[in-house]
Amino acid sequence: KGHFNTFVTDGMVAGGPYIDLLEQQLAMYKWADDDYVQVLATAWETKGDNLEVKLRDGVKWSDGTAFTADDVVTTYTIYRMLKDPIWKYVDKIEAKDKLTVVFHMARPSTVVLRYALRYPIRANSVYGDWARKVSDAAAKDPNFESDATKQLRLDFEKFRPKEMVTTGPFKIDVNSITEAQLTLVKVPTAWNASIVQFDKLVLYNGETPTVTPLVLGKRTDYATHGFPPATEKEFESKGIRIIRPPTYTGPGIFFNFKNEAFQKTEVRQAIAYIIDRVENGTVALGKSGIAVQQMTGFSDNLVANWLSPEDMKKLNTYPHDVKKAEELLTKIGFKKGPDGTWLTDKGVKMEYELMVPSEFADWSAAAENAAQQLTRFGIKTTVRGVTFAQVPVDIDAGKFQIAIQPWGAANPHPHFSYVNNLFLHNYVQANGPGMSFQMKQKSAAGDIDFQELVIGSADGLDQAKQKAAVTKVALAFNELLPIIPLFERYGNNAAISDHVDGWPADGDPILKNGLYADNPIVLLIQTGVVKPK
């Protein structure tokens, strides 16, 4: 089912950490140093309202074409059609010369640097024609709201390149692709081919149940899956090391707000009180499932960086408290029916289906546990497993009641977490109604516009001045709970030393890197540190 259009759903290896070895970004981020490692870019500088990026000279794509500023412009032009948030801040992205790209910020912001440096750059030789169509469409319909531009997006989502053209040290060997695995082979002409020590990497297809026997049999060297506690103990008994980098994200409950009950803040707050998040994280991932405490919508690890101690005291931590949940529901006219199931103020039974990616063992365990807790309370919840690639498609189409999806983002600026929480699977950015959570809401602080707040939280080039805006979003999120974060996932990555050298030691600063967005092992492969024995 996979394909090579990595802009859209089901793209081959798109969305995973290995894309960094194929369609490379301009830079990778080192969390411990709060700095970027040069990849396809060698320098970047803000000049007034412009972010100017210098590109690496001499880079060739795997199809032999030269890497230039045109590739970067093509990539971001297509992101404009996909309504990527970078276009809330920039109004022009142009090639100043062959190796210089200028991002003009109509709304200057520190987050533009992250958007510019950390997106996979695609080949103009593959996507250039589409980018020209997008540019022509934007001239007539800059907001991409007309039937013609919507059709252009639908047509693009059906586009299937014959192969993935890469700048990275590897490309996919198309002939190696089976249902079970594929092989990445070295591109000898890649700019860093001599630095990377592996000649090939084998990627196994499948989620936790499929990969677990491969790890136990030591047929794989590294795995980032969410292994359940019992499996982790089995690994340790066989001498397999567990690496625990943070993810700055985790599973959360997403609602379809077409359901009137979920439109009531008190219902969402009650659900947060009902679910014991400590139990939920422990059942799902043991030591690697840490309950969310602050409930701000971004990682607890980062809250103190953005909110003052006084503002942090205002946060409701929603401790496990079923009596509080009962009070909230009763207050808005809900009551228990004869069979013990809660009824809404309209007399409708609170019975829901919780959709979860069936292959994700940790999320499935979290879903089952949450459903049991809700059902025990009187909100009858049934878990429905759906293949992981289909879940976001169904959510974007509004074909769900409640679902498990990731909250937050592996980025030090909370803006990105709120984009994922409120835009990505909502009508704001999704190709469909998504959650149907309205951006304009009433809160204790008055009327708010979440879309404007989230975009505004990144305004300006002085990050210190953004803290007040981030605090406003955090407090509103904490009160209204558009989604309910359950726990923060830390990696429990199997790392086997039989064939591979260079694994970082526990406590190495590189292990502060996000597991997926800035995967530490992928970075160490690119720099030649992790290598064959």
Determine whether the side chains of [X] and [Y] contain a donor N or O and an acceptor N or O closer than 3.5 Å.
{"X": "Asp84", "Y": "Tyr115", "result": "no"}
{"X": "Tyr352", "Y": "Asn256", "result": "no"}
{"X": "Gln25", "Y": "Asp20", "result": "yes"}
{"X": "Glu351", "Y": "Thr341", "result": "no"}
{"X": "Thr344", "Y": "Glu260", "result": "no"}
{"X": "Arg244", "Y": "Ser288", "result": "yes"}

Aromatic ring proximity, centroids under 6.0 angstrom, [Y] and [X]:
{"X": "Phe388", "Y": "Phe360", "value": "yes"}
{"X": "Phe450", "Y": "Phe477", "value": "no"}
{"X": "Tyr318", "Y": "Tyr273", "value": "yes"}
{"X": "His415", "Y": "Tyr89", "value": "yes"}

Inset, instruction - May I have the step-by-step check of side-chain contact (heavy atoms from CB on, under 4.5 Å) for Val196 and Ile525, ending in yes or no? - result: CA-CA 6 Å; Val196 174; Ile525 290 173; 4.2 Å; yes
Inset, instruction - Using side-chain hydrogen bond (donor to acceptor under 3.5 Å, both in side chains) as the criterion, point out the one residue from Arg268, Gln269, Gln263 that pairs with Thr265. - result: Arg268
Legend entry - Pairs meeting criterion salt bridge (charged side-chain N to carboxylate O under 4.0 Å, His left out) with involvement of residues 352-361, two or more places apart: Glu353-Arg384
Inset, instruction - Report the C-alpha distance between Phe255 and Ile271 in whole Å, list the side-chain angles of each, state the deciding distance to 0.1 Å, and finish with yes or no for side-chain contact (heavy atoms from CB on, under 4.5 Å). - result: CA-CA 11 Å; Phe255 301 95; Ile271 290 173; 3.8 Å; yes
Inset, instruction - Could you tell me whether Asp506 and Arg241 have a side-chain N and a carboxylate O separated by less than 4.0 Å? - result: yes
Legend entry - Salt bridge present between Lys238 and Asp498 (N-O < 4.0 angstrom): no
Mind checking whether [X] and [Y] have side chains closer than 4.5 Å, heavy atoms only?
{"X": "Ile275", "Y": "Ile484", "result": "no"}
{"X": "Trp503", "Y": "Leu524", "result": "no"}
{"X": "Leu422", "Y": "Pro482", "result": "yes"}

Legend entry - Among Asn369, Ile253, Val292, side chain to side chain contact (heavy atoms under 4.5 Å, CB included) partner for Leu486: Ile253
Legend entry - For Lys200, all residues meeting side-chain hydrogen bond (donor to acceptor under 3.5 Å, both in side chains), sequence neighbours excluded: none
Inset, instruction - Among Phe254, Tyr427, Phe423, Phe257, find the one that has a ring pair (Phe, Tyr, Trp, His ring centres under 6.0 Å) with Phe437. - result: Phe257
Inset, instruction - For side-chain contact (heavy atoms from CB on, under 4.5 Å), just list the numbers for Trp342 and Phe377, CA-CA rounded to whole Å, side-chain angles, deciding distance to a tenth of an Å, and then say yes or no. - result: CA-CA 9 Å; Trp342 279 85; Phe377 176 82; 3.3 Å; yes
Inset, instruction - Establish, for the pair Arg118 and Tyr29, whether the NZ or CZ atom is under 6.0 angstrom from the six-membered ring centre and no further than 45 degrees off its axis. - result: no
Inset, instruction - Indicate the ring-plane relationship of Trp306 and His413, choosing parallel, tilted or perpendicular according to the 30° and 60° boundaries. - result: tilted
Inset, instruction - List the steps and the verdict of side-chain contact (heavy atoms from CB on, under 4.5 Å) for Phe487 and Arg277. - result: CA-CA 6 Å; Phe487 62 85; Arg277 299 188 299 280; 5.8 Å; no
